[in-house]
Every structure is written in structure tokens, then in C-alpha cells.
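Working notes, structure below.
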Amino acid sequence: MLGYSSENGPEPQDTNSLEIRINEDFKWARQLADQVAVALSNAHLLEELDKLSWGALTALARTVDAKSHWTAGHSERVTELAMRLGKTMNLTDEELKTLQRGALIHDIGKVGIPAAILDKTDKLTDEEFGTIKSHPTIGGRILEPIESFSDILSIVLQHHERYDGSGYPEGLKGEEISLESRIVAVADVFEAVTAERPYRPGWKTEKAVKLIKNSAGSHFDPLVVSAFLQVIEKAKSKKKERAGVMRLKKNELKINQTEKENKLSATTPVMKSGYRSIQRATVENTHC
């Protein structure tokens with residue numbers, strides 16, 4: 001109501017006009033409040049939908065991984081490593097979100113691969129390997145009708161393409177392959193070779209790192225490999241740091257234990273020699 005009074009006070013003839021203006025402002029304020037309430041409700045709804053979307057993606061990833069106990073947790077581990085690579089390469093928040101969503105369900109097409117092939121302990125035949133190679137295409141067909149997944153379709157389709165063009169299913173090379181797919185390719189291979197499989201034991205980290213490093217420019221994008229080596233080096237440094245902290249704590253515990261034992265051994269003779277008199281004094285005092 002401020003702003004409707006004049007220096008000389010309201011004019012009597014303007015009373016109706018003032019009331020109309022006030023009512024209009026109240027009406028406008030109510031409309032604004034309603035719009036804010038709707039906006040807040042929509043924001044909450046979007047947040048809930050976002051949570052539902054991430055939950056659905058994680059559920060899909062676990063469904064794929066559950067097809068074989070050998071691959072349990074594979075998609076989530078690939079996603080974790082891919083995100084570390086993406087952050088090292090300074091991807092934008094939007095690019096990281098796309099990377100995370102795509103990495104989670106990069107193997108969705110494996111739901112169409114027989115478990116007998118996925119779990120086979122012997123070398124695959126050419127026909128069986130051909131079936132395995134179809135999983136990116138199967139995954140693309142599964143996701144294609146879902147418009148909200150259009151931004152991650154390339155990751156599902158291209159994560160087995162190779163930088164030199166020798167990959168599948170399309171034989172794309174270099175920057176024809178999306179950056180997110182090139183990142184997932186490195187994370188996928190590293191996680192796969194270091195994990196136990198029915199046809200071989202998991203590789204040691206050093207051997208897997210050497211494979212990735214030696215495949216820069218052929219299988220993998222050299223820039224992604226560079227980021228991968230940085231991530232590995234950082235992980236090694238953290239591991240050494242944690243080991244050093246643990247050694248310091250153990251040494252402190254040993255020192256403290258030694259000090260306690262020394263104090264105990266120093267006071268024990270005194271306690272023994274004066275024990276009877278101390279006991280007598282205590283007894284006498286209780287009878288006072």
C-alpha cells in the first residue's frame with residue numbers, strides 16, 4: 001500500500017480508484033505466489049524425476065552385470081574410473097553427466113547375449129565372438145526409442161570403436177568417436193582385464209597400465225591415455241601417503257606402549273615394597 005499516498009494525503013474522490021489499484025496488486029501478488037509455488041513444485045518434481053532416472057540407470061546397469069556373476073559391479077566400476085578421467089580432462093558438468101549416464105549402461109546390449117557365451121571358459125569361436133560384438137548394436141536398438149537417452153546413445157554404440165579405426169561395430173576412428181566413448185573405452189578395458197574372468201585370472205595393475213599405455217594411438221585416444229596415467233599416478237601417491245600414515249600410527253602405538261611398560265616397570269618395585277603398609281593404613285582408616 002506504500003506509494004499510494006500523496007504529500008497532501010489521499011483525495012476523497014480517489015478512494016474508489018485506490019481500492020481498485022490495491023485489489024489489482026493483491027490479485028497480481030496472488031498470481032505471483034501461485035507461479036512461485038508451481039515453480040517450486042516443478043523443481044521438486046524435476047529433482048524426484050532426476051533421482052528416479054539415476055535409480056533406473058543404476059538398476060539397468062546391475063541387471064546387465066547380474067547376467068553373469070563374473071561381471072558383477074563392472075558397469076559401476078567403469079563409471080567411477082570414467083568420471084575420474086573426465087574430471088582430469090576438465091569436462092564440463094553437462095559432459096560429465098552424460099559420461100556418467102552413458103558409462104553406467106554402456107553394456108546394456110549384453111542382455112541379448114546368451115549367458116553360455118559370456119561365461120564360457122574356453123576360447124570363443126569366430127561365431128561366438130561375432131555374437132559378442134553385436135552387443136553395442138543391440139544396446140543402441142534398446143535405447144533408441146527413449147528420447148531422454150539420446151545423448152548417451154553414442155557411448156553405448158561406440159565404446160568398442162578403436163582410435164585407429166579397427167574397432168566395431170562401425171569402424172569409426174579418431175574424433176569420429178565421441179569423446180565420452182573414447183573415455184569409456186579406456187575405463188572399460190582397464191576394469192575388464194584387472195577383473196577375474198572364467199577364462200583367465202585378473203591382471204595385476206602394472207600389467208594393465210602397460211597395456212593401456214602401449215595402446216595409445218591405436219586402440220585408445222592418446223589424450224585419454226595421458227589422463228589415465230595421471231589418475232593412476234595420483235592413486236599411487238595416495239596409496240603411499242596412506243601407507244605412510246599407517247606406519248606412523250603403528251610407530252606411535254609402539255612408542256606409547258613402550259613408554260607405558262617402562263613406567264610400569266619403574267613403579268612396580270615401589271608398589272611391592274610399600275604394599276603392606278599401604279594396605280594396613282587403608283584398613284585402619286576404614287575403622288576410624
Side-chain angles (χ1 to χ4, degrees), residues 57 59-79 81-82 101-146 149-150 152-178 180-204 207-208 210-221 224-225:
L57 285 168
L60 283 172
R62 291 179 181 178
T63 299
V64 175
D65 291 350
K67 192 168 178 71
S68 168
H69 74 275
W70 295 99
T71 57
H74 167 74
S75 297
E76 288 172 87
R77 290 192 295 272
V78 168
T79 302
L81 178 53
R101 293 169 74 232
L104 264 175
I105 56 170
H106 71 280
D107 271 344
I108 185 67
K110 283 187 177 176
V111 297
I113 306 300
I117 294 178
L118 294 175
D119 290 342
K120 187 176 179 181
T121 56
D122 299 326
K123 184 179 179 180
L124 296 177
T125 65
D126 290 343
E127 184 180 357
E128 289 168 336
F129 186 55
T131 301
I132 285 285
K133 288 169 68 175
S134 69
H135 80 269
T137 305
I138 294 172
R141 286 204 301 268
I142 290 171
L143 297 182
E144 192 175 14
I146 308 173
F149 285 174
S150 60
I152 62 176
L153 199 57
S154 64
I155 298 174
V156 174
L157 287 167
Q158 300 174 5
H159 68 279
H160 279 292
E161 299 288 358
R162 296 192 175 198
Y163 197 71
D164 63 3
S166 64
Y168 61 88
E170 297 294 332
L172 303 176
K173 67 178 182 178
E175 294 190 6
E176 292 175 348
I177 309 164
S178 72
E180 292 86 356
S181 301
R182 284 177 265 152
I183 291 172
V184 170
V186 171
D188 188 30
V189 170
F190 179 78
E191 203 291 319
V193 298
T194 54
E196 296 287 328
R197 288 292 184 265
Y199 46 86
R200 58 152 177 81
W203 290 11
K204 290 185 177 180
K207 183 179 179 181
K210 187 176 180 181
L211 170 69
I212 302 293
K213 187 176 180 179
N214 290 343
S215 300
S218 55
H219 192 154
F220 307 118
D221 180 345
V224 181
V225 173

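Nothing here was measured: the structure is a model prediction, and the numbers come from that model.
- I155 and S181 get closest at one heavy-atom pair: CA-OG, 3.3 Å.
- Residue pairs that meet the salt bridge (Lys or Arg N to Asp or Glu O under 4.0 Å) test with at least one member in residues 153-162, sequence neighbours left out, do not exist here.
- Taking OG1 from T131 and NZ from K110, the interatomic distance works out to 13.0 Å, rounded to the nearest 0.5 Å.
- Taking CG from L118 and NE2 from H135, the interatomic distance works out to 9.5 Å, rounded to the nearest 0.5 Å.
- Atom CG of residue L157 and atom CD1 of residue I138 lie 11.5 Å apart, to the nearest 0.5 angstrom.
- Within the structure, the side chain to side chain donor-acceptor pair (under 3.5 Å) test picks out no pair touching residues 193-203 (sequence neighbours left out).
- Counting all heavy atoms, side chain and backbone alike, S178 lies closest to Q158 at N-OE1, 2.8 Å.
- The main-chain N or O of I152 is never found under 3.5 Å from a side-chain atom of E180 such that the two would form a donor-acceptor pair.
- A search for ring-ring contact (aromatic ring centres under 6.0 Å, His included) contacts involving F220 returns nothing, not counting sequence neighbours.
- In this structure, the side-chain contact (heavy atoms from CB on, under 4.5 Å) partners of V78, at least two apart in sequence or on a different chain, are H74, H106, V184, A187, D188, E191.
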Compile the donor-acceptor pairs under 3.5 Å between side chains in residues 211-218 and protein atoms, sequence neighbours left out, one pair per line.
from, atom 1, to, atom 2, distance (Å)
N214, ND2, K210, O, 3.3
S215, OG, L211, O, 2.8
S218, OG, S215, O, 3.0

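- A search for side-chain contact (heavy atoms from CB on, under 4.5 Å) contacts involving L104 returns W54, L57, T58, A61, E76, T79, not counting sequence neighbours.
- Within the structure, side chain to side chain donor-acceptor pair (under 3.5 Å) pairs that include any residue of residues 120-129 comprise K120-E128, T125-E128 (at least two apart or interchain).
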Please evaluate residues L143 and I105 with respect to the criterion side-chain contact (heavy atoms from CB on, under 4.5 Å), reporting the C-alpha separation (whole Å), side-chain torsions for both, the decisive distance (0.1 Å), and the verdict. CA-CA 10 Å; L143 297 182; I105 56 170; 3.7 Å; yes
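- H219 meets the ring-ring contact (aromatic ring centres under 6.0 Å, His included) test with no other residue; sequence neighbours excluded.
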Validation: residues 166-177 side-chain donor-acceptor distances under 3.5 Å, sequence neighbours left out:
from, atom 1, to, atom 2, distance (Å)
S166, OG, D164, OD1, 2.7
Y168, OH, H160, ND1, 3.4
E176, OE1, K173, N, 3.0

